[in-house]
Amino acid sequence: MSVRVRFAPSNTGYLHLGGARTALFNYLFARHHDGDFLLRVEDTDQERSQEKYTDAILDAHEWLGMEPDEDVVFQSDRMDLYREKAEDLIESGDAYRDYSTEEEIEEARKEAFASGDKTAHTRLWRDRDDEPEDRDSVVRIKAPLEGSLTVEDHVQGEVTVDAEELDDFVILRSDGTPTYNFCVVVDDADMDITHVIRGKDHLNNTFRQLYVYDALGYEPPEFGHLPLISGLSKRKGSRSVQEYREDGYIREGLVNYLARLGWAHGDQELFSRDELVELFGLDGVNASSGEFDEDKLQWFNAEWLKKLEADELAERWATYLHKRDFEVELDERLVDITEVMRARGQTLGEMTEESDYFFKDEIERNEDDVEEWLTPDILEMFEELIEVLADLDDWDRGDIDTTIRDLCDRHGEGLGAIAQPVRVATTGGTSSPGLFETLAMLGRPRALNRLNEGLEIIRSRTE
RNA sequence: GGCCCGUUGGUCUAGGGGUUAGGACACCGGCCUCUCACGCCGGCGACACGGGUUCGAAUCCCGUACGGGCUGCCA
C-alpha cells in the first residue's frame, strides 16, 4: 500500500512555524516515499473556525511549495459521516448515550480523583439502559477496562498506557457534533491515511484513538509524534508564515530551517528541496523538543539568498519591493543590484533597507556622516571628481574605477581620501557596496546629481 | 494531583559502551579591504544530578530534579 499522509490544521488561527514544520515533515515523508500528501481542515469548532484562516493556511502551503495532492477535505462537510459512524457504534454496543448533567459529572470527577479511579466519572451511564426524555445526552465510547495499550511510535519509541488511564470520552456532543478524537479516526481511516505524523501534544490522544479504531473495525495507521517547538508561543514565534514572508524570508531558507529543527542528517546543514525529499525519514527526527532561534533562521535564509540564481532572486525581490511600494523595474540594473546586495542582508527586507538609495529619487543624509566626511579639505578633489565623471563616455564600473583612481593618484592620495565623502554624498551614509559599482548602479544622472548636492554641502561649510 | 514524553555548549544538533565529545548558529579575536557586509582563519563553550551494571558509561538500568504534553461536550 502506498504512503498517504495528511496535515490536519484547525482553521482557528494562522499557520505558524510549528504547524508549518508539521506540514513540511508530512510533505517530505510523502514525497520521499512517492506517496500522497493531503490537507484536511479541522473546522468542527463552530465558535472559532474562520474562513480567512483557511485561506491563509492554503496560501502558506502554496508559498512554501507544499500543495496537497488531492482536494482539501473539510470536516464540516462530513458531519453526516461522523454521526453515522457514531450510530453504528451505539448499535454495536461500543458506544452509549450518557444523560448525566454537568453537575453530576463534576461531582463524580471529584470522587473519582479522590478514590484513585481517574476515569470513573466518564462511565456514569456505561451500564445503564434507561433513556430519560427530559435530558440531553452525549455519546461516549466504551474504553477498555483492563489491560494496556501500546503504540509503536516512529519517533518516540514504544509507549504504553494502562487501561485505568483510559476514559469513556465523548464522541458526539449534545448538539450532535462530533469531537476531535472521534473525527480524526473516522477521517484518517476514510482517507486511507497510512502514517499519522503530528505534534507530540497528541501522543496521549493516540491511545484514545486506538480504541476508536478498534471499535470501528479499522486497522490503525503508523504513528510518528514530532517534538514540539518551544519559544514559539511568545511574541515572535506565534507569528504566521505570512509575516515571515513579509519580513523578506524566502521559502528555501524557511523550509531549510524548519527541516533542521528536530531533524538531522549527520552534520549537514544546507539542504535543497530535492535533498530533503531524498534524505528525509522519521528515523532522523529527534524525540526531544527544540527552541525557535531567529538568528539561525536568518542564517539559513542568507545562505539561500546567496545560492539562488541572480535572475530568480531579482524577480522575487522585485515582487517584494513592489509590495513595499518601491517603484522598480525588473531589469538588468536590478539584477546587478541584487547580485551585490544578496550578501549584504539576510532577508529581502534587510536587502531593501540597505539599498533604498538605489530606488529613491531623494535621499536623506546622515547628519553625523555629513559632518565627518563632507569637509572643506576635500573641496578641490570633489570638484575635480565631478568634472571627470561628467566627462566619461560610458558610465560603467570599469571606467569609473580608473577615473577615480587616476584622480587620487594625481592628488597623491589613496582611494580612502575620497571614498567615504562620495558615499555620504551619493548614498547618504558610510556603508554601501564597492564605490565604483555603487556609482555605476546608481546611474549617471542620479550619481552626478547627488555628488553636486554633496559639493554644495562642502562649499557651504567653507564659508 | 495522576499519567505520558523528553534532558549533549546560550541555541540547533552528530555521536548510542573505550572519541582530544564532531559540526552549525550566536558571541569574541584576526585576516581581507575604499566603508559596511561577504569570505577565510582562530577562540570561548556541553554530555542535568545521584546511584547502579561494567575492566570501562555521554552512551545501558533505576531514582531525583527540571522542562513539556495530556487529564474538556477545544483541536
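Protein chains get the first letters and strands the later ones, always in sequence-line order, with residue 1 at the start of each.
- Sorted pairs that involve residues 15-27 of chain A and meet salt bridge (Lys or Arg N to Asp or Glu O under 4.0 Å), not counting sequence neighbours, are lacking altogether.
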Side-chain polar contacts of residues 143-151 of chain A - donor-acceptor pairs under 3.5 angstrom, sequence neighbours left out - could you list them?
| residue | atom | partner | partner atom | Å |
| --- | --- | --- | --- | --- |
| A/Thr150 | OG1 | A/Thr160 | OG1 | 2.8 |

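- Annotation: A/Tyr249 is not in aromatic contact with A/Trp299 [ring centroid separation under 6.0 Å not met].
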Working for side-chain hydrogen bond (donor to acceptor under 3.5 Å, both in side chains), residues A/Thr427 and A/Arg423: CA-CA 5 Å; A/Thr427 72; A/Arg423 259 195 189 90; 6.0 Å; no

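- Rounded to whole Å, the distance from NZ on A/Lys306 to C1' on B/C40 is 12 Å.
- Rounded to the nearest Å, the gap between the P atom of B/C5 and that of B/U19 is 31 Å.
- B/G63 is paired with B/C49 under the Watson-Crick or G-U wobble criterion, all donor-acceptor distances under 3.5 Å.
- A distance of about 26 Å separates the C1' atoms of B/U64 and B/A21, rounded to the whole Å.
- Rounded to a whole angstrom, the distance from the P atom of B/A57 to that of B/U20 is 15 Å.
- Within a 6.0 Å radius of CD in A/Gln50, more than 12 heavy atoms belonging to other residues, nucleotides or ligands are found.
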Nucleotide-resolved protein contact map, nucleotides 24-34 of chain B, B/S/- at heavy-atom distance under 4.0 Å: BSS-------B

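- Counting to the nearest Å, the P atom of B/C4 and the CG atom of A/Leu149 are 13 Å from each other.
- B/G15 and B/C28 are spaced 31 Å apart, taking the P atom of each and rounding to whole Å.
- Using the Watson-Crick or G-U wobble rule with both distances under 3.5 Å, B/C44 pairs with nothing in any strand shown.
- Base pairing annotation: B/G18 forms a Watson-Crick or G-U wobble pair with B/C55, both donor-acceptor distances under 3.5 Å.
- Separation of the A/His61 and A/Phe7 ring centroids falls under the 6.0 Å cut-off.
- Across the protein-nucleic acid pair, A/Phe271 atom CZ and B/C12 atom P stand 17 Å apart, rounded to whole Å.
- Here, B/C12 and B/G52 have their C1' atoms 33 Å apart, quoted to the whole Å.
- Distance A/Trp263 CH2 to B/A14 C1': 13 Å, rounded to the nearest Å.
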B/S/- contact track for nucleotides 69-75 of chain B, protein heavy atom under 4.0 Å: BSSSBBB

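- Across all non-hydrogen atoms, the minimal contact from A/Asn181 to A/Val212 is O-CG2, 4.3 Å.
- No close placement of the A/Tyr96 and A/Trp125 rings is indicated, their centers lying 6.0 Å or farther apart.
- Computed from coordinates, the A/Arg342 CZ to B/C38 P distance equals 15 Å when rounded to whole Å.
- Using Watson-Crick or G-U wobble geometry with both donor-acceptor distances under 3.5 Å, B/C70 finds its partner in B/G2.
- A side-chain donor-acceptor contact under 3.5 Å links A/Asp153 to the backbone of A/Val155.
- Judged by Watson-Crick or G-U wobble contacts below 3.5 Å, the nucleotide B/U11 has B/A24 as its partner.
- B/C3 and B/G63 have their P atoms separated by 12 Å, with the value rounded to a whole Å.
- Distance CD (A/Glu291) to P (B/G9): 12 Å, rounded to an integer number of Å.
- Across all their heavy atoms, A/Tyr213 and A/Pro220 have their closest contact at CD2-CA, 3.7 Å.
- Between A/Trp263 and A/Phe25, a ring centre-to-centre spacing not shorter than 6.0 Å is recorded.
- Between B/C27 and B/U11, the two C1' atoms lie 12 Å apart (nearest whole Å).
- Remark: P of B/G23 and CZ of A/Arg260 are 14 Å apart, rounded to the nearest angstrom.
- Atoms CG (A/Asn286) and P (B/U11) sit 14 Å apart, rounded to a whole Å.
- Taking the six-membered ring for Trp and the full ring otherwise, the centers of A/His16 and A/Tyr244 sit at least 6.0 Å from each other.
- Considering only residues two or more places apart in sequence or on other chains, A/Arg316 meets the side chain to side chain donor-acceptor pair (under 3.5 Å) condition with A/Glu252, A/Glu312.
- The stretch residues 78-87 of chain A does not touch RNA chain B, since none of its heavy atoms comes less than 4.0 Å from the strand.
- Taking atom C1' on both nucleotides, B/U59 is separated from B/G18 by 11 Å, rounded to a whole Å.
- Counting non-hydrogen atoms under 4.0 angstrom, A/Thr430 reaches a base of the nucleic acid.
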